[in-house]
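Proteins come first, then strands; the chains are lettered A, B, ... in the order of their sequence lines, and each starts at number 1.
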Amino acid sequence: MSDYKTTLNLPKTDFPMKAGLTEREPAMLARWEAAGLYGEIQRRRADAPLFVLHDGPPFANGDVHMGTALNKVLKDFIVKSRTMLGFRAPFVPGWDCHGLPIEFKVVKESRGLSPVEIRQKSEAYARQFIDTQRRQFRRLGVFGDWENPYLTLDPGYEADIIRSFGRFVERGLVYQSQKPVLWSTGAQTALAEAEVEYAKRTDPAIYVKFASAAAEGPLADASFVIWTTTPWTLPANVAIAVHPRAEYVLGDFGGQKLLVARERREAFAAESGLEFLGELAVFRGEELLGASARHPFLPRESRVITADFVTMDSGTGQVHIAPGHGKDDYLAGQQNGLPTLSPVDDHGRLTEECGVAAWVGKYVFDANKDVVAHLREIGALLAAHDYVHDYPHCWRSKTPVVFRAVEQFFIRVDDLRAPALAAIDETRWLPTWGRNRIAGTVESRPDWCISRQRTWGVPLPVFYDAAGKPILDPAVIEKVANLVAEQGTNLWFERDDAWWADAVGLPAGTTRRNDTLDVWIDSGVSHEAVLRRRPELRFPADVYLEATDQHRGWFQSSLMTSIALNDVAPYRTVITHGFVVDKDGKKISKSAEYKKPTHAEHFVNQYGADILRLWVSTVNYTDEVPFGEDVFKQVAERYRGFRNVLRILLANLDGFSAAQASLDGATTIDRWVLSRLQAVVEKCRAAYEAYDFRGVFEALNQFCTVDLSAIYVDVTKDRLYCDAADSPRRRATQTVMHACFTAVTRLLAPILVFTADEAWGYAGHAQSVHLETFPEPDATLRDPEFEARVEEWLKLRGLVYQQAIEPARQARTIAKSLEARVTLAVPAAQLDGLAAARAELAEFFIISDLELLAAEAPAVTLAKSTDAACERCWRHLPDVGATASGLCGRCATAVPTCTAA
RNA sequence: GGGCCUGUAGCUCAGUUGGUUAGAGCAUGCGCUUGAUAAGCGCAGGGUCAUAGGUUCGAGUCCUAUCAGGCCCA
């Protein structure tokens with residue numbers, strides 16, 4: 001028995017089965033970067049239509065998290081696919097550099113720094129993480145102008161922030177007003193939430209009577225009752241809030257007519273020791289709206305308002321409102337047109353404004369007992385006891401924090417609201433509910449507080465005259481911007497008032513304060529500082545793409561600033577993605593108890609960037625995106641599927657060149673695959689255009705796994721391996737496989753950036769696949785007739801395998817399908833068509849012989865072939881042994897051509 | 001508590017304007033092949049479409065409530 005294996009045209013390729021992505025990807029990345037691939041792509045598209053995806057800047061802090069990776073990979077899918085669709089799609093990555101988290105870390109590391117030192121350390125900190133994140137983004141295969149990203153700390157960018165502020169001023173959008181902030185009396189500075197520590201503290205909890213101002217009706221001679229643990233805020237009281245839907249009882253408490261929420265009546269009676277003697281009237285909270293009380297010790301009215309934040313956990317269901325001393329109070333004050341009083345100085349001492357001369361200059365927590373004593377004296381105190389609670393303290397000075405209203409700058413959102421809502425409707429939101437979300441936030445947002453008492457940020461370019469009045473002058477602001485453009489914003493902190501007054505042409509005695517701009521202004525004006533500045537970009541952008549939290553964040557800040565500057569939105573389409581969640585559907589916590597890996601690097605190092613990218617393509621990114629170790633294992637399996645299909649196609653194309661392409665010998669199945677391929681090309685192009693990367697994955701997965709691997713490649717093995725190398729039938733199949741390979745590899749390229757380029761190289765291309773465009777569907781190759789015919793064959797194939805071959809294998813009648821002789825009975829109407837293709841059908845079923853009969857219902861029977869097996873092609877055929885070689889006729893003719901080669 | 005969403009096999013997802021026994025890939029089990037071999041092929045099992053009501057001749061698909069989850073507010 002001779003060994004005919006050497007006479008076969010077996011698949012052959014050096015394209016490795018084992019991906020080894022963790023070693024291979026970095027090497028490929030180095031080659032791309034050495035060759036300047038991104039620049040080369042841009043040069044080749046110099047004259048192509050422009051498509052701008054504008055990168056929302058991540059915060060320059062920490063490693064690239066799975067959420068950040070998801071975001072950047074989705075952006076890269078868009079940029080790469082638009083490029084391959086024929087656009088010039090530049091990508092300019094950016095970083096958001098200023099802000100509290102960095103300043104906080106820097107200050108925590110080394111105390112007692114000057115503002116200039118804090119800023120220097122903060123910049124170094126930001127730059128360090130920009131480098132880290134840049135390396136990690138590049139490692140993910142994201143293409144872009146990584147050498148020239150935009151940074152919000154660049155002097156040019158900072159100058160544009162200041163110029164934008166100047167334009168807001170010019171349009172009359174900026175005003176100054178008081179707003180309560182967390183204030184450290186020890187450090188004399190505003191604090192951020194993150195700088196607050198909670199500690200136990202004992203304060204007086206008091207019940208205070210506010211006499212009703214009503215002259216008649218049930219409330220005449222009655223009193224409202226509030227409960228508070230901050231007596232020192234009473235001088236700033238301007239209102240009493242009740243819950244609109246709660247029930248309030250006007251009762252006789254030991255002879256006093258007092259109003260208390262029904263739910264709190266018993267608790268109040270117990271704590272005050274006042275006996276409840278009977279119900280006089282009942283009100284729903286909203287019925288009390290418009291009533292009024294007299295301030296217990298100041299000649300002032302205290303209005304009754306309604307608020308949903310009133311709870312029944314403690315107190316009386318009536319909340320003392322001091323808009324200058326609380327967040328809820330402030331908002332309630334805004335909604336009801338109440339004044340914001342805050343008679344407290346930087347050191348936490350009551351000022352003259354408090355209205356009681358004896359208290360002026362007292363530290364508020366010391367003043368508590370004076371207030372209580374005074375209330376008792378005038379008969380307004382119903383009860384007092386010690387109350388232990390968690391109270392916010394300054395993390396630096398350890399002193400208790402107070403809420404205190406300080407002068408802040410605001411942007412008048414009312415002037416922007418209508419045009420912003422109009423612009424929202426002119427923008428395309430994906431998914432569509434994004435429109436409702438941002439419209440909801442724009443409709444309800446109060447004026448935008450844009451000043452912060454921070455150090456690591458862009459200075460608020462406002463000077464104050466000798467009387468302390470702010471100078472809001474666009475011309476002065478422009479001068480600041482010009483200085484900053486040349487020397488950076490550190491100048492603001494390095495030079496003194498006199499120097500600055502002189503530099504911007506203001507009289508001596510002009511002062512500055514160390515306020516900075518809200519960092520949302522920084523990133524919010526990127527359309528101005530980046531889209532309009534970079535010559536390769538354009539305003540407005542085609543696409544912004546960020547996570548859903550940015551409806552309130554960057555999408556909104558960018559919209560507002562753009563409305564203020566341009567009257568239109570800075571984007572045409574806004575795409576949002578969900579947050580990355582644990583595969584159990586739980587959110588990924590940043591807390592210490594959450595032990596599972598959440599850094600992109602972990603998965604890249606373990607599986608490779610292409611696996612991570614493939615994962616992104618399999619999920620529905622508009623919802624929460626599940627991930628986890630086993631999700632990645634599954635995706636890695638899918639990756640193997642793609643890789644092995646590319647590999648077998650390459651291997652079957654060994655020795656084939658495009659010059660040999662011909663469809664002359666094409667059979668039904670070749671025409672069918674070619675037709676299917678056109679549909680896949682069409683589907684993928686449409687899916688990429690619609691940002692539906694899952695659609696691309698589905699189409700390619702179905703095509704590669706089912707159509708190619710399980711059907712086409714399996715069925716055509718016989719002809720590829722056993723036919724003469726240049727038989728028309730074999731060449732036609734190779735022609736089709738070549739078409740499949742070049743199309744699939746290019747369609748896969750935006751997702752499997754590394755693997756597609758690797759395979760492309762093994763196919764003999766000197767240049768990167770990323771310089772190519774997507775294949776175009778060829779309508780002349782679409783053939784519904786062939787598709788329908790093979791659909792019919794596939795149904796019969798299922799029948800044959802299920803009812804004949806599989807049972808025969810299980811029963812050990814046959815081992816491989818080629819040993820089978822199948823008799824297939826089909827309805828007469830079907831018979832003629834099938835009979836004409838009997839040989840192709842036998843090949844399609846991968847059996848040696850097929851007999852077709854007519855019957856009412858389809859039926860299949862199987863017998864082991866009685867013909868001898870050809871030693872070369874393993875088929876059982878009647879002509880085996882007819883020639884001296886002992887082979888089948890086809891193999892007998894093929895062997896000489898093969899051995900000759 | 002409010003706003004915007006989501007909930008289909010173990011996992012990731014399809015399910016056209018409501019219309020026959022709800023599909024795919026992966027995973028699992030069984031088997032074949034050893035000429036894609038740390039590969040390939042076949043067959044099989046697996047879903048009361050979150051739950052409960054309702055509209056309809058008919059609902060995974062429409063409505064209401066509940067539960068669970070996410071983001072943003074409070």
For B:A22 versus B:U48, give the span between their C1' atoms, rounded off to a whole number of Å. 13 Å
So does A:Lys5 get a side-chain nitrogen or oxygen closer than 4.0 Å to the phosphate oxygens (OP1/OP2) of B:G35? yes
Residue pair A:Thr733 / A:Asp670, side-chain donor-acceptor N/O under 3.5 Å: yes
Regarding A:Gln702 and A:Glu698, do their side chains bring together a donor and an acceptor under 3.5 Å, going by distance alone? no
Measure from the side-chain heavy atoms of A:Phe579 and tell me the nearest of B:G69, B:C71, B:G42. B:C71
Does a side-chain N or O from A:Lys717 land closer than 4.0 Å to OP1 or OP2 of B:A36, or not? yes
Taking the six-membered ring for Trp and the full ring for Phe, Tyr or His, determine whether the centres of A:Trp554 and A:Tyr544 are under 6.0 Å apart. yes
Heavy atoms only, 4.0 Å cut-off, all strands: where does A:Asn436 land among base, sugar-phosphate and nothing? sugar-phosphate
With C1' as the reference atom in both, quote the distance from B:U56 to B:G10 in angstrom, rounded to an integer. 35 Å
If the C1' atom of B:A50 is compared with that of B:C5, how far apart are they to the nearest Å? 16 Å
Pairing annotation in dot-bracket form, given for RNA chain B with Watson-Crick or G-U pairs under 3.5 Å and | for cross-strand partners: (((((((..((((.....[...)))).(((((.......))))).....(((((..]....)))))))))))).
A:Arg812 vs B:C32: side-chain N/O to OP1/OP2 distance below 4.0 Å: yes
Would you say A:Arg872 and A:Thr7 are linked by a side-chain donor-acceptor pair, where the criterion is simply a distance under 3.5 Å? yes
Quick one: does NZ or CZ of A:Arg428 land under 6.0 Å from the six-membered ring centre of A:Tyr571, within 45 degrees of the ring axis? no
Look at all strands and tell whether A:Ala815 reaches a base, only sugar-phosphate, or nothing, counting heavy atoms closer than 4.0 Å. sugar-phosphate
Spacing between A:Ile847 atom CD1 and B:G42 atom C1', to the nearest angstrom: 14 Å
Side-chain N or O of A:Lys816 versus OP1/OP2 of B:U34: is the shortest distance under 4.0 Å? yes
Considering only the C1' atoms, how many Å lie between B:G35 and B:A44, rounded to the nearest integer? 28 Å
Residue pair A:Asp518, A:Trp448: steps toward the side-chain hydrogen bond (donor to acceptor under 3.5 Å, both in side chains) verdict: CA-CA 9 Å; A:Asp518 177 15; A:Trp448 183 357; 2.9 Å; yes
Do A:Tyr639 and A:Thr755 have side-chain atoms, one donor and one acceptor, less than 3.5 Å apart? yes
Say you pick atom C1' in B:C49 and the same atom in B:A14; how far apart are they, in whole Å? 13 Å
For the pair made of OH in A:Tyr721 and C1' in B:U34, what is the distance, rounded to whole Å? 12 Å
Flag the pair A:Trp615 / A:Phe632 as yes when their ring centroid distance falls below 6.0 Å, and as no otherwise. yes
When the C1' atoms of B:U20 and B:G42 are compared, how many Å lie between them, rounded to an integer? 29 Å
Ring-on-base stacking between A:Trp874 and B:G35, under 5.5 Å between centres and under 30° between planes: is it there? yes
Using the P atom as the point on both nucleotides, what is the distance between B:G25 and B:C43, in whole Å? 10 Å
Phosphate contact (B:G23 OP1 or OP2) by A:Gln702 side-chain N/O below 4.0 Å: no
Under 4.0 Å from OP1 or OP2 of B:U37: is there any side-chain N or O of A:Arg647 that close? yes
Between B:U21 and B:G60, how many Å separate the two C1' atoms, rounded to a whole number? 15 Å
